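Computed from a prediction, not measured in an experiment: that's the story for all the values here.
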Amino acid sequence: MPKVSTLKSKEPSSLKRPFTRRDFLSTSLKIGTAAFTTALLPKSQVNAKGQYNILFIVVDDLRPLLGCYGHPEIHTPNIDELAQRGTLFNRAYCQNPLCHPSRTSMLTGLRPETTGVLSNAVSFREKLPNAVTLPQHFKAYGYHTASVGKIEHNALARDDAYSWSVPSWVPPWIPFNPLHIPAWQSLDVKDNDLSDGRTAEQAVTVLAELQDTQFFLAIGFEKPHLPFYAPRKYYELYAQVDFTLPPTSMLPAAAPAIANNHLGGLREYKDIPDQGPLSETKILELIRAYAASTSYMDAQVGRVLQQLDTLGLSENTVVVFVGDHGFHLGEHGTWRKNTLFEVALRSPMIISVPGQQPNRTDALTELVDIYPTLCDACRLPVPSEVEGLSLTPVIEEPTRPWKTAAFSQLSRAGTRGRSIRTTQYRYTEWGNSGRRGKELYDYDADPDETVNIAELPENAELVANLSEQLRAGWRAALPDIQEQVVFQTLPWDINDDGIVNIEDLILVSNGFGIETPQHPKADVNKDGRIDIIDLLLVVAHFGECSEPASPQTYSNNVRPEHLGLIDEWLTEARLSDDGSDVFRHGIETLEHLISTAIPTRTVLLPNYPNPFNPETWIPYDLARDADVHIHIYNMKGESVRQLSIGFQTAGTYRTSSRAAYWDGRNAVGEVVASGIYFYTFQAGQFRATRQMVILK
């Protein structure tokens, strides 16, 4: 098996500054983020000057077995040519070696521990309904977003309406039973007779349609995913190539059994034995078939890149080429992915930005970094919740010091495995604190991971340090960056102070009904008037910041004197509510803002009844912690119902989710009659009485 060459680079000494990108990310990621969906975002008109299109190409099950990655025997001229005009990332790692979790992480900019997506079955919207995907973010800034081929793994994620301007296109699926077909075939067919050829054809058509439009076009190719079927001409490319067997055919010595993925998925095919190791002949057949499938995919990538050139779009388009994870070709006696070994976690990644100097880098990078990198390249703000780091500094200076580790994980049989890759080592823990096993590989001494050295006494201190680094997490591995990070003002930051906060809401509110507002940005949706919709659009981004010194949280941004204003906005939003996402999320966020302020005095507020039945909500403010009790009487002074709310911490209890609730029934469960009632509110030493009217 051809080995991937390792590039060595000189690393200049780290430079210090008072506030680094690491500081900024570590702080800003703690900000409470409001609901943030496409329906809430203004359709900003993007200025084409300095703003690029995006061509995002993702490939299924592709390891860095490519000509440009040091394998000249692999025929991939089109990918190699792309690498010659972009940055080749030699040490790029996926966050999960399985299709759906990895793609979800890439497209949301969030890590698997945040998305909760650890298998191919779960949709990220079930876990994170308000997550903003990469295409969704670009769509919000006026880009036409389109998906051709396999971008997301399952249908729910693929057809995510927030992300795409038009329905996703996928080639027709032809069901097959692996038990009835072999794992590889050399076919007498044309390129377009197979799915990736059809995907390339559709992508070429879509590019022609979008050539005069600012676009984000995602294209997904399936090969070299099993089964390894490709037109015969691509198999013929390897007729004279002598492939070698993998350097390891067994699980590393002393590795825990849970590290092995066995031959899952491969044994389903009719030409693969149900048990026992594969023969050397079969292994070499499959490696050749993988190479042929890769070359077939490369030809389809070439068709798309050629169309980009033909249409004159190459000079204005950022191109990303990435594999969703690596792939075993018999290493450690296993096949496919879903392990925490290097070959399953290392992905090919090339990013080409117009005008850049072509280069390659050994910097430790992660697929979760793609999201902020594309935002940077197109001068769009990076959402504060994104957990990757823009690779723009590495593209500009490939030898600069970068992350100290890349983080990956997977879940197997209910056990979570977590792994970090440093410059020299890979360290993995299975289960809490590694109770199901630990792995350590030194790539300087053992590049093929043949021996697990985690339990050797002489490595105890090293294991302890790496375990601490694993627990410290990805934030602690971020680099210090010398130069000032460039941020743009946000369209919903009305006063351009770097933070979307209560002051911005007040400025929008002050502009209601005014023809010439003091702050033109207050007309967020650019419809010629300032109203509650503009305020709710700003509310949707409450807490976002564009400057490292600005991060604030809800709790220290909303003061007691703002409560009356927020109440007014809530009332107007409820009266104008048309059921759309703008109102739904806006009302939720305003209610959240109210709940974060600590009032200066305890107050009993007027109740708000349900107009269709006797149920009622009783709002109040607590200046300090207290036991709360409410006693309801009728006009004769007779007790109707006692509500023992119990201990409540200081805060506001004004919204329906927090206010005291009375179901309109007396102590024996009967619905009370229409009429006038009184309620006494007791909170510690505070006592107040109000009147309520019940109309049925």
Query raised in the report: Sequence neighbours excluded, which residues qualify as side-chain contact (heavy atoms from CB on, under 4.5 Å) partners of Glu268?
Result: Pro178

Scan the side chains in residues 75-82 for donor-acceptor partners under 3.5 Å anywhere in the protein, sequence neighbours excluded, and list what turns up.
{"unit_1": "Thr76", "atom_1": "OG1", "unit_2": "Gly67", "atom_2": "N", "d": "2.9"}
{"unit_1": "Thr76", "atom_1": "OG1", "unit_2": "Asp80", "atom_2": "OD1", "d": "3.1"}
{"unit_1": "Thr76", "atom_1": "OG1", "unit_2": "Asp80", "atom_2": "OD2", "d": "3.4"}
{"unit_1": "Asn78", "atom_1": "ND2", "unit_2": "Asp298", "atom_2": "O", "d": "3.1"}
{"unit_1": "Asn78", "atom_1": "ND2", "unit_2": "Asp298", "atom_2": "OD2", "d": "2.9"}
{"unit_1": "Asp80", "atom_1": "OD1", "unit_2": "Cys68", "atom_2": "N", "d": "2.8"}

Main chain of [Y], side chain of [X]: is a donor-acceptor contact present, judged purely on distance under 3.5 Å?
X: Arg336; Y: Asn261; result: no
X: Ser352; Y: Arg85; result: yes
X: Glu387; Y: Arg111; result: yes
X: Asp448; Y: Thr450; result: no
X: Thr339; Y: Asn260; result: no

Query raised in the report: Does a side-chain heavy-atom distance below 4.5 Å link Arg426 with Tyr93?
Result: yes

Query raised in the report: By side chain to side chain donor-acceptor pair (under 3.5 Å), which residues pair with Ser411, not counting sequence neighbours?
Result: none

Report task. With sequence neighbours excluded, tell me which residues meet side chain to side chain donor-acceptor pair (under 3.5 Å) with Thr428. Result -> Ser419

Query raised in the report: Which pairs count as salt bridge (Lys or Arg N to Asp or Glu O under 4.0 Å) when at least one residue sits in residues 402-425, sequence neighbours excluded?
Result: Glu342-Arg421, Glu366-Lys403, Asp369-Lys403

Counting only heavy atoms not in [X] (residues, nucleotides, ligands), do more than 12 fall under 6.0 Å from its [atom1]?
X: Arg303; atom1: CZ; answer: yes
X: Asp242; atom1: CG; answer: no
X: Gln424; atom1: CD; answer: yes

**Report entry** Asp60/Arg103 salt bridge by N-O under 4.0 Å criterion
**Finding:** yes

Query - NZ/NE/NH1/NH2 to OD/OE distance under 4.0 Å, Glu285 and Arg288 - result: no

Query raised in the report: Of the non-hydrogen atoms in Leu367 and Ser347, which two are nearest, and what is the gap between them?
Result: CD1-OG, 3.9 Å

Query raised in the report: Trp184 and ring-ring contact (aromatic ring centres under 6.0 Å, His included): which partner among Tyr234, Tyr269, Tyr290, Tyr235?
Result: Tyr235

**Report entry** Residue list, ring pair (Phe, Tyr, Trp, His ring centres under 6.0 Å) with Phe341, at least two apart or on another chain
**Finding:** His332

Report task. Identify whether NZ of Lys or CZ of Arg in Arg346 sits under 6.0 Å from the centre of the six-membered ring of Tyr69 and within 45° of that ring's axis. Result -> no

